[in-house]
Each structure stands twice: as structure tokens, then as C-alpha cells.
Participant: 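Before I ask anything, here is the structure I am working with.
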Protein chains: 2
Amino acid sequence: MVERVVPIPSARRPTLIDIARECGLSRATVARALSGKGYVDLDRRRLIQETADRLGYRTSTIARALRTQRTSSVGVLIADITNPIFPQIVKGIDEIVSSDGHTIFLSNTDEDPQKQVAIVRSLLDRQVDGIVMVSQTLADETLKLLEHGPPCVFVNRRPYEGVDYVGPDNEQGIELLLTHLRGLGHQRIAYVSGPSHSSTSRERLAHFRVSMAACGLEVDERLVFAGNYYKESGAKAAEAFMAVTPRPTAILAANDFVALGIVGYLHSIGLNTPADISVTGFDDMFDSSLMETEALKVEGLTTVNQPKRHLGRAAGKLLLERLGAPDAPGRKVILPTELRIRHTTGPVRKG
Amino acid sequence: MVERVVPIPSARRPTLIDIARECGLSRATVARALSGKGYVDLDRRRLIQETADRLGYRTSTIARALRTQRTSSVGVLIADITNPIFPQIVKGIDEIVSSDGHTIFLSNTDEDPQKQVAIVRSLLDRQVDGIVMVSQTLADETLKLLEHGPPCVFVNRRPYEGVDYVGPDNEQGIELLLTHLRGLGHQRIAYVSGPSHSSTSRERLAHFRVSMAACGLEVDERLVFAGNYYKESGAKAAEAFMAVTPRPTAILAANDFVALGIVGYLHSIGLNTPADISVTGFDDMFDSSLMETEALKVEGLTTVNQPKRHLGRAAGKLLLERLGAPDAPGRKVILPTELRIRHTTGPVRKG
DNA sequence: CTGAAAGCGCTTACAG
DNA sequence: CTGAAAGCGCTTACAG
């Protein structure tokens, strides 16, 4: 008996044509039936649906995208997924956009402008329907690319006013902290800012000055340090402040990382918080419910919570709405912060 | 003077045809020049490249994908981006696959089988080139979908032997912990397992028994609790263990969450670690360098570190290699763990 | 209500 | 070395 090579039925995915043949109809009719758009005889519609199910038909998003020029995908840029701020924001974005059938391309820029440009270019190549930029300072080239790109929503930093933007209420946050410190008797208060290329960082610094004035306090310029959001800049700032006479009794940091750097440095030279000096952060980066626990919790940094999940959700909504109204004016969503009093602030030390 | 409506040059992206026209050549030649495949006259090649740059041409990944059936995208499934274990693994995967031109679709399954199926279906619809499943217990339907899908690499859990798999050395990790506890004089040791649907959880439990025997210790079945990796199960287990006489002097937890639950419960009933009882975790979920700081650090859980970033990298490599060799046999990469002795373990209490 | 046809923007044998 | 042509799998006016 001669062996015969049985042609293995190709495992390729079925297409509209396969269903059309099976049903004795045209591709057009099948497409209309499956998409639910346009008229199709009811019985045929049923037949088509059954056949599609039986063959395991799934419409090719690629082919559809090529035809319709919409991909149902969105790009999200963050600095670093291992920075605990960002996962929460991303989760919020995801909740909203994925419920609308969009899938997320997530990329880390590591604060590197070159990477940012490369990633945006890659997203444009993929024709994402929209982009969310989380805490990104835009490179000039990125800005240029975006001009011809899809809608973009900015979270925490924006290149200029008028774009779709979501951010925490930085002014209110600073006020909460200053009011808290003022209530503890602090008057000589230092500030470590973030980088000036961050709009949020600029807002926080500007409002520090405004709010100090409103409290009737003077800002000693030797007690304002231009940091960069990283721990090391907090340490350097603290070192500089300790050389100023009289020393500050409290230090406001532009974010939690900086605050940790400050506390770390103070500790290294034998000063304690809040006994010797009070320190506050901003962001409440460790507020994930997963990380809470009664016994083993992160030692308490007094800070201001930014509602990360909600910021993400708001950004997702803004983006979806923007997709439906490309020419509407830019919108701004500012979400309130909350004071979290923990263990790095206390009454001013009696000199 | 009559106003004339100047037709606004459409901002649509330039295509091969635009370049071909501009250069007086065919699309085919332009495509070959730009892709670098096939022969093109050197001068023409230059002309084409210049023209492409001038027009800002970028090849449409969608059109290419439709033609070549490769998308240069990969899907990554995790349970929850806000669980600090996963970002590090994702980062490792990203480092490898993005350097190869792949972009990542990242999705949260929230341990929900329905979501898992929906996400995998969506990834298949998008024809991703590959999938990485991180800590996923596969739903039957997912498994079925994957049979006709692209290559898939499994991290931490695998549906069966023989698939591409990357995981920590669970046996070695358990041994490190038991040896450590044994050295502190502990003999009566309890274990809180993870869910039995997790291959990694099963390995840890199985090796707990093996390793206890190897140490010459007996396993009291009343001191083995079937947990589920969540904190609450740690609390319940601890409660149960405290009702057993004699009580255990040490408790091994299948992961850090469970350990936190145990410590929390013990603390709530007035018992302290390690004075009254020793507790260990697994994973070292808080080991991000971003979270380290001298002064404000996570209170110390003794645990075993799994090299998350490296696990991710290994998974990325396995996937890329698999794309180049679809029919090669499945491979397994097991990475060593490291003991992290902190403050929840101590010498057994003299009864 | 249905089908023929064009077209989205590429890639790739194939013939020359 | 180059170009004509087919085809990836859809969607969508358009004519009937």
C-alpha cells in the first residue's frame, strides 16, 4: 500500500471569504452581518453568525485598521514602571480605555529624551488612536512629532496651557502642608523643588512662595534649593540648608523621593525627624492598598496624597472624549490632594 | 480681487507611492531601497532615502503587518500592575524585547479567568508575535486559544512541563529559609502555602516537605495551611496555628503578602516577631532600588529574593529565540534566589 | 437587501 | 537592477 501524504489542513485563521463561501454569500454581506452595520436578511444573518462561530472566525484587527485607519490602541508613556507612582496611574488609564476596547502599549522613557522620541515615533508608526504622556517633559522633537499625531493627553506635566491635561491640585497640596506646619509653629521653612522643566514642579515652587506670603512668612532664598525629584538632590539640599544660620525648622520637599533623601541625610548626621526638624513629601507614593499592613508598614512620611488611580481614570476619559471630538478645545482636570499626617512632622523645637 | 480657496495640502502620511512619484521610480524599487533588501542602484538608493527623509516618510507598520503577518508586538499578561512584584518583571521583559523592535501590550488580568480569556483573545485578534504569561494560572479556554496562537513563554507558573518557562529556584529558596531557621534552633515549623493551581506554589509546598525531612524534622499536618497568596490567608493560617499545641516557633509563608498577613495577625494578638515567633516570606517584593533608603525603609521581613528583573529578561530572551525557532523543544530557565535576613527571624525562644 | 469593486499601504516572487 | 502584479483581510460607498 502506497503511503499518501495527506495535506494537513492549514491552520490559518478563517477570513470573511471562508464564511462567504460556506454561506454562498458575498464578503460584503458577511461583513455587514458581522459588524451589525447595514441591512442583512435576518435568516442569513443568523446563518452567517453561526458559521463564523463554528469556524472560529475573528475579524483581523490589522486588516480593519489598515482600512479604517483606526487601531483601537493607545500608547502610554511613563518614566519607569518600577517607580510606584506610575503603576497606579496606568491602572486608572487602563480601566477606562480597555473598557472601550482599546489596548495599551506601555513604554518606559527613563526620563531620556532620546527614548521618548523613539517611543513616540514607534507609536505613530503603529498609528495608535491616542497617547497619554505621564510626567513627561517633552523633547522639542517629540512636540514636533505630536503636531501631526493623534490626540494626546498629559498627566502631571504639560508642555503648555491649552492641551488636555490632568493633574493634582498642586497649589492646594502645598497649602495643606504649609498650614499643617504653620499649625505646629514652624516659621523658618525650606523648600526643595523639582526640576524646572516640569510644569508640576514649577507650580509647587511658585505656590510655596505664594502660600508662605499668605501665611505671613518670609522666604529665605538660601532655603530654596533647585532639586530634580531624585533622592540625591534631597540629600544635597539638606546639606546646604544645614549650613545656613539660623537653620530651618521644617523642610518641604517637592516629592516623596526628595523627602526620603532629606530624611536620610539628616539621619546620617545625627538629626532626627520630627524631633530636630520636620520634613514633608508630596505624592504619597506608597499608598497602594497592597502595601498596607498593620505590622510591617513603610515608616511614615508626612505627605500629601495625589489620587493616582483617579488621575489615570480622568486621563483615560479625557482621551476617549477627545477621540470623539478632535476639535473641541483643550480641557483641564485638577484633582484635589489629601494631607497625610504621619511621623516626620511635629511641633517646632523650642530653641 | 476674488478670494481663492487654496486647497490645504492634506496632512496624510506619505506613502511609498509619494516617494516613487517624486523619484520617478516604482513602489517596488522604493520599498527595496528603504528596507535594504534586494538590489537598488546606489545613486537611486540615495535619492530615495533623501526623498523619504524630506517627506517624513515612515513605513506603515499596519500595512506591513497585514502583508507579512508579523506585527512586532508582544502581549504581556500580569495579574495587577500595582502589585510591586510585576513591574520589575515587566521591565526586564521590556528591556529585551523592545531592543528587538517589539512593542508591549500590557494587560492586567486581576486573577480573573474571564479577563484572562478576553485579553488573550484580544491579543490574538491583534496578531501579536508572542505572549508572556506572568504568574498566570491558565483557564481551559485560554489554553485552547493558545494552541492556535503564537509562541508563549510562562513566568512563575506553567500549565504543564515542556513549555518555555522561567521561574525562580523554588526548591533552593525553601532550603535557604529552612536552613536559616534550623540554624536558629527552630524545629517546629509551620507552612502557609499558596493556591494549588499555581505550579510555583505547589513546588514550594512540596519542597517544604522534602526539605523538612532532609533536616530531620517532622511535618505536623496541622501546621500546614492551604492559603492563596493573599494577606488574609496568612492571618487565617496564623490564627489556626495558634490553636495548635504545641505552637510552632516559626512560620514559613509561600510569599511576602502571606507573611505580612501572618505578622499582622500575630501583632494583633500581642505576639511579636521575632521575639515570640519567627516568620519568613518569599519573593522580596519590596526590593526596588527606588524604594531603598537609609532612614525610611520598609521594616524588615526576612525572605528570599527572586531576581525579578532577570526573570523578565530571561523570559524576553526565550521569547525572541522562540520566534526564530518555532519548533525547537521547550526550554526551562531556573534562576537562583537569595536569602535576605532581616528582622522577622531570630533564635527560637527558650520555652 | 445584496454584490462587485475599489482601496487601505505595504511586500515579494516573477519576468525582464 | 527594475517594474508590473498579486495579495494580505478588511470596509464601504455605489449601483441595482
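Treat the numbers as computed from the prediction; the structure is a model and nothing was measured. Chain A is the first sequence line, chain B the second, and so forth, proteins listed ahead of strands; every chain is numbered from 1.
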Participant: Please check if the side chain of A:Asn83 supplies one atom and the backbone of A:Ile85 the other of a donor-acceptor pair under 3.5 Å.
Facilitator: yes
Participant: Give each stem of DNA chain C as a range with a range, requiring at least 3 consecutive Watson-Crick or G-U wobble pairs whose two distances are under 3.5 Å.
Facilitator: C:1-3 with D:14-16, C:5-12 with D:5-12, C:14-16 with D:1-3
Participant: Please state how far atom NZ in A:Lys37 lies from atom C1' in C:dT2, giving the value in whole angstrom units.
Facilitator: 18 Å
Participant: Short of 4.0 Å, heavy atom to strand atom, which residues of residues 27-36 of chain B count as contacting DNA chain D?
Facilitator: B:Arg27, B:Ala28, B:Thr29, B:Arg32
Participant: Quick check: closest heavy atoms across B:His197 and B:Arg157, and the distance to 0.1 Å?
Facilitator: CE1-NH1, 3.8 Å
Participant: Carefully, step by step, assess A:Asp125 and B:Arg64 under the rule salt bridge (charged side-chain N to carboxylate O under 4.0 Å, His left out).
Facilitator: CA-CA 11 Å; A:Asp125 287 352; B:Arg64 170 187 287 158; over 6 Å; no
Participant: Sequence neighbours left out, what pairs pass side chain to side chain donor-acceptor pair (under 3.5 Å) with at least one residue falling in residues 319-335 of chain A?
Facilitator: A:Asp164-A:Arg322, A:Glu321-A:Arg331
Participant: Provide, to the nearest angstrom, the distance between the CZ atom belonging to B:Arg13 and the P atom belonging to C:dG7.
Facilitator: 20 Å
Participant: Starting from C1' on D:dG3, measure out to CG on B:Leu25 and report it in whole angstrom.
Facilitator: 10 Å
Participant: Would you check if there is a donor-acceptor pair between the side chains of A:Ser199 and A:Arg158 at a distance under 3.5 Å?
Facilitator: no
Participant: A:Ile17 CD1 to D:dC8 C1': how many Å, rounded?
Facilitator: 11 Å
Participant: Rounded to whole Å, how long is the line connecting atom CD of B:Gln69 with atom C1' of C:dT12?
Facilitator: 14 Å
Participant: Which residue lies toward the 5' end of DNA chain D, B:Ala63 or B:Val40, if each is placed at its nearest nucleotide?
Facilitator: B:Val40
Participant: Students often get this wrong, so: under 4.0 angstrom with heavy atoms, is A:Arg58 touching a base, only sugar-phosphate, or nothing?
Facilitator: sugar-phosphate
Participant: With a 4.0 Å cutoff (strictly under), does any side-chain N or O of B:Tyr57 reach OP1 or OP2 of C:dC10?
Facilitator: yes
Participant: Between B:Lys91 and B:Asp94, is the closest basic N to carboxylate O distance under 4.0 Å?
Facilitator: no
Participant: So which heavy atom on A:Ser72 is nearest to which on A:Asp129, and how close?
Facilitator: N-OD2, 2.7 Å
Participant: Does the side chain of A:Arg126 pick up a donor-acceptor pair with the side chain of B:Thr103 at under 3.5 Å?
Facilitator: yes
Participant: Measure CD1/B:Ile62 against C1'/C:dC8 and give the value in whole Å, please.
Facilitator: 10 Å
Participant: Please state how far atom CG in B:Leu16 lies from atom P in D:dG3, giving the value in whole angstrom units.
Facilitator: 13 Å
Participant: Any side-chain N or O of A:Ser26 less than 4.0 Å from the OP1 or OP2 oxygen of C:dG3?
Facilitator: yes
Participant: If only side-chain N and O atoms count, and only distance matters, is there a donor-acceptor pair under 3.5 Å linking A:Thr51 with A:Glu22?
Facilitator: no
Participant: Please state how far atom CD1 in B:Ile19 lies from atom P in C:dG9, giving the value in whole angstrom units.
Facilitator: 13 Å
